[in-house]
Amino acid sequence: MTAALEARGLGKKYGKRWALSDCTLDLPAGRVIGLVGPNGAGKTTLLNLAVGQLAPSAGSIRVLGGRPADGPGQLARVGFVAQDTPTYAGLSVADHLRLGARLNPGWDDAIARERLERLGLDPARRAGKLSGGQRAQLALTLGIAKRPELLILDEPVAALDPLARREFLQHLMEAAVEHSLSVVLSSHLVSDLERTCDYLVVLVDSRVRVAGDVDDLLATHHRLTGPRRDPATLPGDQQVVSESHTDRQSTLIVRSEGAIHDPAWTVGQVGLEDLVLAYMSDTPTRSTLEAVR
Amino acid sequence: MIWLTLRQFRVQAAVVFGGLAVLCAALAITGPGMADEFNSGFASCTAQGDCSRFTRRFFEDHEMAFGAVILIVAFLPGLIGIFWGAPLITREIEQGTHRLVWNQSITRTRWLAVKLAVVGVAAMVAAGLAALAADWWSDPIDKAASDDISRITPLVFLSRGIVPIGYAAFAFALGVTVGVIVRRTLPAMAITLAVFVGLQVAVPMWIRPNIIPAESKIVAITSENHGEMMMMREEGDKAFLQVEVEPEPRAWTFTNETVDSSGKKVGRLPVSVAAGAPCAPPPPGPDGEPPEGPSQACFDDLAKKGYKQKVAYHPADRFWPLQWAETGLFVVLALGLTGLCFYWTRRRLS
């Protein structure tokens with residue numbers, strides 16, 4: 001099975017500033033993948049490179065085995081719901097479906113109409129008069145009815161209220177199951193991804209801090225609490241993700257394939273949110289940078 | 001893609017083509033009556049032997065409408081560049097919809113090609129129609145107009161024949177290309193307007209005179225060929241004479257300067273206006289009005305002193321060769337801009 005997305009040393013430069021640099025990444029197909037990271041980590045740049053909206057300044061990227069936006073065939077295989085879910089304000093909902101039907105050979109009009117009906121969207125209404133949630137749903141409808149193999153969504157719910165957010169993600173999940181879509185979804189909120197994704201990538205400063213199956217990640221990460229201790233003295237198979245110390249106590253989040261047997265530690269579970277935060281906040285490069293500032 | 005292009009374009013198209021329809025209707029209603037008036041008036045004045053008064057009066061009667069039609073046709077390409085060209089891509093970028101449409105199953109190149117072709121052809125059709133209507137309607141006025149506003153002179157030339165088509169193609173391509181590069185609608189409109197107007201001024205000054213070789217010669221100043229002659233009095237009997245000649249009827253003369261016997265340019269001719277001097281203003285004729293133009297003695301005197309007139313001009317029958325050459329130039333420029341636009345959209349735009 002070809003990977004959904006393969007990046008090798010991928011970089012994108014704007015003027016002198018690198019928005020993404022030396023990013024190496026493999027995303028499996030057939031999964032719902034959450035891409036999470038702080039603002040400025042390069043998520044949007046990475047996704048725009050994946051759909052061919054941008055051309056890389058360095059390295060290479062392949063999506064479903066092909067070069068992004070390399071001809072109509074590749075474009076048809078990859079759907080994209082861009083940040084802020086843009087739609088044509090002056091065009092009606094029905095016009096958008098017509099646009100989709102005219103520009104996509106694989107367009108599935110039945111799905112599109114069925115989705116509109118379920119959402120209660122009036123086809124005659126102009127997209128500019130829709131609420132943010134409805135506009136996002138319209139953009140999602142275009143992405144799904146195109147019948148791509150891979151659907152990429154860039155912060156699709158960032159601007160939505162919690163209710164619209166949940167509804168949107170629910171629709172996305174249903175479509176992913178129904179059409180066996182691969183999905184890559186970015187967000188800076190872990191809670192959005194927790195319910196939706198079965199695979200998680202944490203991207204910080206263009207680097208993949210951790211990537212893997214959500215269940216595996218949860219099973220291999222542990223919170224250790226015990227008397228104060230230097231993390232360097234831990235066994236070699238226990239990788240420290242984050243550490244915090246008081247005068248007498250140390251709290252560590254570690255990654256370990258095996259079970260933790262040291263009786264000095266109280267071993268606890270790590271939730272997905274804490275896990276992501278541990279990777280996002282306590283990275284060596286970032287802490288040194290902050291020390292310099 | 002053609003459907004989407006037309007759907008996005010329909011309001012702008014309706015405004016321009018609606019305006020054109022109104023213009024064409026107005027010209028269609030007034031044109032035949034005006035032509036009849038000219039034909040009957042010209043026939044009767046020809047029978048009487050002198051048509052100069054009739055043509056002058058006829059021209060003055062219709063001067064306003066004539067000027068308005070020229071203005072409309074001359075402005076149309078610029079308007080097309082500003083309102084059709086500049087927003088074509090910038091509006092997508094400003095609303096982010098390029099990220100929607102570029103991820104349908106159609107390449108960016110094809111998307112751009114269809115947009116440019118559909119709106120570009122509409123631009124050329126609109127300008128062509130306007131010019132055709134103006135040509136047809138203005139025909140009697142052109143016949144009545146004096147030589148210095150014949151069809152080949154810059155004021156009229158830009159609204160006639162086929163050059164408006166070339167201007168429209170160019171202005172449209174300019175608007176789109178500037179838009180693709182600056183990415184924002186208002187600055188793109190402003191730059192398009194400035195560049196286009198600049199070019200419209202520069203072309204008749206520097207390009208049109210040389211786009212096909214001009215007639216260039218040195219002629220004697222005679223009572224037959226002289227055009228404007230201005231006399232500027234200094235103190236006493238001294239005065240200066242500024243001479244222009246008309247080398248050929250209805251020609252467009254763009255160089256018209258007096259030279260001395262060695263061929264050197266003389267800006268103003270020093271003459272004496274003392275009583276009895278050859279170029280002194282002649283006394284009023286029997287009807288109380290001064291005779292038109294200087295006396296023969298003045299021309300003889302100028303010839304004796306070796307003054308001649310250097311002229312460069314395009315004769316009236318160069319109208320169509322000039323039209324084709326200039327249209328070709330603008331179409332080539334438009335194609336060059338289109339190429340740049342494709343390059344920029346594919347490589348630089350995101």
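As the structure is a prediction and not an experimental result, all values here were calculated from the model. Labels below follow one simple rule: chain letters A, B, ... track the order of the sequence lines, proteins then strands, and each chain is numbered from 1.
- If you measure heavy-atom distances from A:Arg77 to chain B, you find no contacts under 4.5 Å at all.
- For A:Gln83, the parts lying near chain B are the backbone and the side chain together; criterion is any non-hydrogen pair under 4.5 Å.
- A donor-acceptor pair is defined here as one N or O able to donate and one able to accept, closer than 3.5 Å; such a pair exists between the side chain of A:Lys146 and the backbone of A:Leu75.
- A donor-acceptor contact shorter than 3.5 Å links the side chain of B:Asp135 to the backbone of B:Gly161.
- Residue with the most contacts toward chain B among A:Val51, A:Thr85, A:Leu142: A:Val51 (heavy-atom pairs, distance under 4.5 Å).
- Heavy-atom distances place no part of A:Asp70 under 4.5 Å from chain B, backbone and side chain included.
- For A:Val81, no part lies near chain B; criterion is any non-hydrogen pair under 4.5 Å.
- The contact between A:Leu91 and chain B is made by backbone and side chain atoms together, counting heavy-atom distances below 4.5 Å.
- Annotation: maximal heavy-atom pairing with chain B below 4.5 Å, among A:Arg102, A:Arg98, A:Gln74, occurs at A:Arg98.
- In plain terms, the two heavy atoms of B:Leu27 and B:Ala134 that are nearest each other are CD1-N, 4.3 Å.
- Both the backbone and the side chain of B:Ile106 have a heavy atom closer than 4.5 Å to some heavy atom of chain A.
- Note on A:Arg62 versus A:Glu6: no salt bridge recorded, every NZ/NE/NH1/NH2 to OD/OE distance being 4.0 Å or above.
- Using a cutoff of 4.0 Å between basic side-chain nitrogens and carboxylate oxygens, A:Arg166 and A:Asp192 are not scored as salt-bridged.
- Between B:Val176 and B:Ile89, the closest side-chain pair of non-hydrogen atoms falls below 4.5 Å.
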